[in-house]
Number of protein chains: 2
Amino acid sequence: MDINHHIKTLLNHVNLDVTLDAFAVEKLSSIIIFKELNKKEFLIEPGETANTMNFIVQGSMRSYYLDENAQEHTLQLGIEEWWINDLYSYLSRKKSRMYVQALEKTLLIQLPRIELEKLYLEVPEISNFFRIKIQSAYVAVQERVIDSMSDDAYERYDNFRKTYRDIEQRVPQYIVASYLGVTPEFLSYLRKKHS
Amino acid sequence: MDINHHIKTLLNHVNLDVTLDAFAVEKLSSIIIFKELNKKEFLIEPGETANTMNFIVQGSMRSYYLDENAQEHTLQLGIEEWWINDLYSYLSRKKSRMYVQALEKTLLIQLPRIELEKLYLEVPEISNFFRIKIQSAYVAVQERVIDSMSDDAYERYDNFRKTYRDIEQRVPQYIVASYLGVTPEFLSYLRKKHS
DNA sequence: GAAAAAACTTAAGGTATCTTAAGAAGCCAA
DNA sequence: TTGGCTTCTTAAGATACCTTAAGTTTTTTC
């Protein structure tokens, strides 16, 4: 059955970082919620609070915000087997200022924060897993600060392609541009110049 | 006695976020190490691993790294009652790529990771406190990504002055420039233009 | 499969920021 | 107090990136 296959995908993914025993697997499986989103549908909008961790089973997602000039700035991109969220809102329990949106028809596995936090007490490996994930999120954001200060736009684009090889194909170029912090026109120019 | 006064400063600071009972205070105090640094002295250099949390009692510090062109990029600044670290290295236990340096003669309280992690099991409030701090660190870095994409250099400088009012006075301007991601010459130009 | 919408490209002209270089000012050491 | 670092300023010329606008290609919708 499909659902079991998706759950296995999640469990395999978790097992890359920590080792879950039968009890842990049972417990984790028991709090799973499936959620489907259509293309362009929002998982989170400004003013809402993120109260789940979200694992992409099928499809692709992004998070972005709008600046004062209504310019979009993409903060995170994800495809199958990535986590997507407004971690700020999830961790602080405050309202989000971001959009989290499906780029394609997307299937998520959601783990509700309340249930997860109960699980942390029973199953330390699950707590460890999310500690590791949050740590990676911190590192990833810091990398971006470093990149944005050290590299020019083409170098950032080049890094992006190396880091997100599988994603580039599936994401419109104007979203890549808004991730890199350049205009779509300039990204188009850079691509031509270096091709 | 001076040392007790410094410890009280730390405890008051922790009490802003969580409530420590007598046992927690006792335990936390027992793992404190004091460390003095002279102006320009390094707390961490590339290749070392951060294995303490560091609270500034007196003085000021910064963390920075060097890019391929040996340009300095300041990631964090701190004065009295701020924490300073390479959190990436501390959390991942990997080698740092950064310098963490005293900008003035500085006195730190250090809490060793090994001792802290033992404490987390006995005193959940201490665990909570550092979870909150790490969360704030994540939020701060994400704010910087957002800023660097939405704002031009003068707006970033203006934000910097509002956010770090007490710090600006004590830090050379070229370090502020390296924090903002502009050249010292351009910062000087901006200051003149808007004065 | 045609029409509409969304995404991408091209190009001209403009602005923000950098590079280099030199001099001025501030600060520390002897 | 003088000299020597270190930091800050100024200015000219260069470059990276933006804005606008129009045309082209691709994708979506019915």
Side-chain angles (χ1 to χ4, degrees), chain A residues 37-42 59-60 62 64 66-74 77 99 101-106 145 147-161 167-195, chain B residues 38-41 60 62 64 66-74 77 99 101-105 145 147-161 167-195:
Chain A
L37 295 166
N38 287 319
K39 183 167 182 173
K40 304 218 168 168
E41 196 178 341
F42 292 109
S60 56
R62 70 157 169 159
Y64 68 96
L66 297 181
D67 70 18
E68 322 82 54
N69 309 314
Q71 291 293 119
E72 286 182 10
H73 298 280
T74 298
L77 290 168
Y99 297 87
Q101 184 191 38
L103 299 174
E104 307 169 306
K105 195 171 190 335
T106 294
V145 172
D147 271 24
S148 78
M149 296 203 295
S150 321
D151 300 348
D152 67 17
Y154 186 72
E155 286 175 296
R156 296 203 303 279
Y157 177 54
D158 215 44
N159 286 342
F160 175 85
R161 290 167 70 177
I167 294 187
E168 201 201 349
Q169 268 66 10
R170 292 165 62 178
V171 172
Q173 218 166 277
Y174 79 91
I175 288 182
V176 175
S178 89
Y179 179 94
L180 297 173
V182 297
T183 57
E185 294 86 352
F186 189 57
L187 179 54
S188 181
Y189 162 80
L190 287 177
R191 283 162 52 84
K192 183 176 189 198
K193 182 174 156 197
H194 290 90
S195 63
Chain B
N38 288 318
K39 184 169 179 170
K40 305 214 169 173
E41 195 178 341
S60 55
R62 70 156 169 158
Y64 69 94
L66 298 181
D67 70 17
E68 323 80 53
N69 309 313
Q71 292 291 118
E72 286 182 11
H73 298 280
T74 298
L77 291 167
Y99 296 87
Q101 183 191 38
L103 298 173
E104 308 169 306
K105 195 173 191 330
V145 172
D147 271 25
S148 77
M149 295 203 296
S150 321
D151 300 347
D152 68 16
Y154 186 72
E155 286 174 298
R156 296 203 304 277
Y157 177 54
D158 215 44
N159 286 343
F160 175 85
R161 289 166 71 177
I167 294 186
E168 201 199 350
Q169 269 65 9
R170 292 164 64 179
V171 172
Q173 217 164 279
Y174 77 91
I175 288 182
V176 175
S178 88
Y179 180 92
L180 297 173
V182 297
T183 57
E185 293 85 354
F186 188 57
L187 179 54
S188 180
Y189 161 80
L190 287 177
R191 283 162 53 84
K192 183 175 190 202
K193 183 174 156 199
H194 290 88
S195 65

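Protein chains get the first letters and strands the later ones, always in sequence-line order, with residue 1 at the start of each. What's counted below: heavy atoms across the whole structure, side chains too, no hydrogens, waters or symmetry copies.
Within residues 152-159 of chain B, the residues having any heavy atom under 4.0 Å from DNA chain C are, by residue number, B:D152, B:A153. Residues from residues 187-195 of chain B with heavy atoms under 4.0 angstrom of DNA chain C: there are none.
One finds the CD1 atom of B:I175 at 12.5 Å from the CG atom of B:L187 (value rounded to the nearest 0.5 Å). Interatomic distance, CZ of B:F186 versus NZ of B:K193, reported as 6.5 Å (0.5 Å rounding). Atom OG of B:S150 is separated from atom NE2 of A:H73 by 4.0 Å, given to the nearest 0.5 angstrom.
Shown here are the salt bridge (charged side-chain N to carboxylate O under 4.0 Å, His left out) partners of A:K105, two or more places apart in sequence or in another chain: A:E36. Under the side chain to side chain contact (heavy atoms under 4.5 Å, CB included) criterion, B:A102 pairs with B:L37, B:M61, B:T106, not counting sequence neighbours. Qualifying side chain to side chain donor-acceptor pair (under 3.5 Å) partners for B:D152, counting only residues two or more places apart in sequence or in other chains: none. Under the side chain to side chain contact (heavy atoms under 4.5 Å, CB included) criterion, A:D158 pairs with A:Y154, A:K162, sequence neighbours left out. With sequence neighbours excluded, the residues that form a salt bridge (charged side-chain N to carboxylate O under 4.0 Å, His left out) with A:E104 are A:R170. Every residue was checked against the side chain to side chain donor-acceptor pair (under 3.5 Å) condition with B:E41, not counting sequence neighbours, and none meets it. Considering only residues two or more places apart in sequence or on other chains, A:S148 meets the side chain to side chain donor-acceptor pair (under 3.5 Å) condition with none of them. Legend: residues meeting side chain to side chain donor-acceptor pair (under 3.5 Å) with A:Y99, ordered by chain and number and at least two apart, are absent.
Listed pair A:Q173 / C:dT9 meets the phosphate criterion, a side-chain N or O lying under 4.0 Å from OP1 or OP2.
The shortest side-chain heavy-atom distance between A:I167 and A:Y179 does not fall under the 4.5 Å cut-off.
One can place OH of A:Y174 at 21 Å from C1' of C:dT10, the figure rounded to the nearest angstrom. In this structure, A:M149 atom CE and C:dC18 atom P are separated by 12 Å, rounded to whole Å. In this entry the distance linking CG of A:N38 with P of D:dT29 reads 10 Å, nearest Å.
A donor-acceptor contact shorter than 3.5 Å links the side chain of B:Q101 to the backbone of B:K40.
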Letter by letter from the 5' end, nucleotides 19-27 of chain C scores (B base, S sugar-phosphate only, - none; protein heavy atoms under 4.0 Å) BBB------
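Between the two ends of the helix from C:dG1-D:dC30 to C:dA30-D:dT1, each summarised by a five-pair axis, the helix axis turns through 60° (rounded to 10 degrees).
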